[in-house]
There are 2 protein chains.
Amino acid sequence: MKFLNQIAAIPLFSGLAERQLEDLAMIVVDQQIRRGQTIFHQGDEGTGFYVVASGKVKIYKLNPDGKEQILHIFGPGEPFAEVPVFAGQCFPASAEALEDSRLFFFPRPAFVNLIRLHPSLALNMLAVLSRRLRQLVSLVEDLSLKEAPARLAAYLLYQSHQQGAPVFELDILKGQLASLLGTSPETLSRILARLVREGFIESVGPRIRILDKSGLQELAAGVKRLS
Amino acid sequence: MKFLNQIAAIPLFSGLAERQLEDLAMIVVDQQIRRGQTIFHQGDEGTGFYVVASGKVKIYKLNPDGKEQILHIFGPGEPFAEVPVFAGQCFPASAEALEDSRLFFFPRPAFVNLIRLHPSLALNMLAVLSRRLRQLVSLVEDLSLKEAPARLAAYLLYQSHQQGAPVFELDILKGQLASLLGTSPETLSRILARLVREGFIESVGPRIRILDKSGLQELAAGVKRLS
DNA sequence: CGAGACGCTTGACTTACATCAAGGCAGGTT
DNA sequence: AACCTGCCTTGATGTAAGTCAAGCGTCTCG
């Protein structure tokens, strides 16, 4: 059966029996998207949700002046746009591919039926939404209670942790990072320069080396500030 | 059985059979809280979730300087603190009673079992989390993409709509409203004064009268600004 | 090769909002 | 009545970060 292996590898579907995975494979729709292409706009009706098979997708909001705030960036294996499946039906935000991507689309009615039949699928989905909630709470906290340098420090530490090394490469463009951190490219550039000047990091292009991890942690927590 | 009627009236549990409501009533714990009292702190371990029976509760974050951001304010019938039930186990934020309140507490293990047995309970919970996600996305949008006057305008319109009249009373203290809108009491006070001066509203103490609904809507949408 | 286009950086300026400080007003207590 | 205390308002000042504008390296493509 088509895509069965790839579907089985999606964390959201972990713990499901072979039979249930086959049910999923029955309803899935495969979709190719080019970099820069819009997947949906906020306000569009949501007829199902997606899982990233390959590539990278951003979920974002725009204001009337054209300023953008990125809410999430999702990579392989991560589901997105589940909200309209369970509440209301329109998307609260827009989605666009940051790279050429392949998506699995699961139509709503069939998926809701599967959830009814399989409690472990429901619990997995509850866990996904709960983690998402946690992420968003943290974004609100960052935007409202921390300054831009603290947000950047937190992001750098997170990336370094994810990639498992004190030296790493930013995996998104700096302009996109600015939008994710809720600031402008100019401000991001200036803060990065200050972090270098004050010895917290080295930076060449997208390559970052963390020199003072505990200093960055203090910045990120908001207990210390740049001079 | 104790509390059965009140539990049956909670929207989260709508559509459940009598038998299932009785199961819930078996596991519920009743809890009285005084105004100002803390229910839990962020980082505490979450052993279950709550539903407000009466009173009012705020969910909030603090930064090291003591600045507060309110994430939600919940009233009768609304569940909160579900996140640690399904993902991780510690609370992402803190909770405090804004009024003397009565809470129903549902211990995690028993509740998770009920979810396994009753798919409609799972779907109800998914709907609750999805709506919560929508709310938080909207909060991020407000904080990052709108100015304080737009946030206040949106709040006033929402309250007016909720209470079903162009004249209404703020149901929380202005200081708390400032924290909910991500601003300071001083700034809130000034913006309110400007809204009055420019003829959008009348305001005496906590009493608000909306004079120019469409003007406020334009402010809230960010297409127009205060002069 | 030259010309764009794009992404990033840097400098000069502007601004929304926070902070600090003082005072007003209402409700409750002695 | 005098006096808190809590909440709100108003004024003066400070600042983080946005905006505008110019310039630079890199890559692509005619």
Side-chain angles (χ1 to χ4, degrees), chain A residues 35-36 58 62-70 98-99 142-153 169-198 201-208 219 222 224-227, chain B residues 35-36 58 62-70 98-99 142-153 169-198 201-208 219 222 224-227:
Chain A
R35 173 190 151 115
K58 74 172 170 187
L62 290 178
N63 77 359
D65 307 338
K67 185 180 172 190
E68 174 188 275
Q69 172 70 49
I70 295 181
L98 290 177
E99 306 171 355
D142 286 356
L143 290 172
S144 173
L145 301 177
K146 297 182 178 173
E147 325 195 314
R151 305 203 282 272
L152 176 56
E169 299 228 346
L170 296 174
D171 61 351
I172 53 176
L173 295 176
K174 289 183 181 177
Q176 294 298 300
L177 177 54
S179 170
L180 182 62
L181 298 179
T183 189
S184 64
E186 294 95 327
T187 298
L188 176 64
S189 183
R190 278 184 252 270
I191 295 172
L192 219 32
R194 285 165 71 192
L195 288 179
V196 170
R197 199 170 338 120
E198 301 189 19
I201 60 171
E202 282 173 10
S203 156
V204 186
R207 174 166 244 95
I208 306 281
L219 277 182
K224 192 171 69 171
R225 350 191 56 212
L226 287 178
S227 25
Chain B
R35 173 191 149 111
K58 74 171 171 187
L62 289 178
N63 78 358
D65 306 339
K67 185 181 171 189
E68 175 188 276
Q69 172 69 50
I70 296 180
L98 290 177
E99 307 171 354
D142 286 356
L143 290 172
S144 173
L145 300 177
K146 296 181 179 173
E147 321 194 315
R151 306 203 282 273
L152 176 55
E169 300 229 345
L170 296 175
D171 61 350
I172 54 176
L173 294 176
K174 289 183 181 178
Q176 295 298 300
L177 178 54
S179 169
L180 183 62
L181 298 181
T183 188
S184 64
E186 294 94 327
T187 297
L188 176 64
S189 184
R190 278 185 252 269
I191 295 172
L192 219 32
R194 285 165 71 193
L195 288 179
V196 170
R197 201 174 331 123
E198 302 190 19
I201 60 171
E202 282 173 10
S203 156
V204 187
R207 174 167 244 95
I208 306 279
L219 278 181
K224 193 171 69 172
R225 346 189 61 209
L226 286 179
S227 25

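Side-chain atoms are counted along with the backbone in the values below, which use heavy atoms only and exclude waters and symmetry mates. Chain naming here is simple, since letters A, B, ... match the order of the sequence lines and numbering starts at 1 in each.
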Given atom [atom1] of [X] and atom [atom2] of [N], what is their separation to the nearest angstrom?
| X | N | atom1 | atom2 | result |
| --- | --- | --- | --- | --- |
| Leu98(B) | dG6(D) | CG | P | 17 Å |
| Lys174(A) | dT10(C) | NZ | C1' | 13 Å |
| Leu226(B) | dC17(C) | CG | C1' | 14 Å |
| Gln176(B) | dC8(D) | CD | C1' | 14 Å |
| Leu192(B) | dC17(C) | CG | P | 14 Å |
| Arg35(A) | dT28(D) | CZ | P | 12 Å |
| Leu152(A) | dC8(C) | CG | P | 14 Å |

- Message: For Arg207(A), give me all partners under salt bridge (Lys or Arg N to Asp or Glu O under 4.0 Å), at least two apart in sequence or on another chain.
- Response: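 Residues passing salt bridge (Lys or Arg N to Asp or Glu O under 4.0 Å) with Arg207(A): Glu169(A).
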- Task: Output all residues satisfying salt bridge (Lys or Arg N to Asp or Glu O under 4.0 Å) with Arg225(A), sequence neighbours left out; order by chain, then residue number.
- Result: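 Arg225(A) satisfies salt bridge (Lys or Arg N to Asp or Glu O under 4.0 Å) with Glu147(A) only.
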- With sugar-phosphate meaning primed atoms plus P, OP1 and OP2, does Leu173(A) contact a base, only sugar-phosphate, or nothing at under 4.0 Å between heavy atoms?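 Here Leu173(A) touches the backbone only, sparing every base.
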- Check whether any side-chain heavy atom of Leu219(B) sits under 4.5 Å from a side-chain heavy atom of Leu195(B), and report yes or no.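 Leu219(B) reaches Leu195(B) side chain to side chain.
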- Counting distance only, does the side-chain N/O of Asp65(A) pair as donor-acceptor with the main-chain N or O of Lys67(A) below 3.5 Å?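 Not a single qualifying donor-acceptor pair exists.
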- Task: Check for a donor-acceptor pair, side chain of Gln69(A) on one end and backbone N or O of Ser179(A) on the other, with a separation under 3.5 Å.
- Result: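 A pair under 3.5 Å: yes.
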- Under 4.0 Å protein heavy-atom contact, by nucleotide of nucleotides 11-21 of chain D - B base, S sugar-phosphate only: BB---SSBBB-
- Item | Smallest separation among heavy atoms of Ala178(A) and Pro185(A), with atom names |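 Reported closest heavy-atom pair: CB-N, 3.6 Å.
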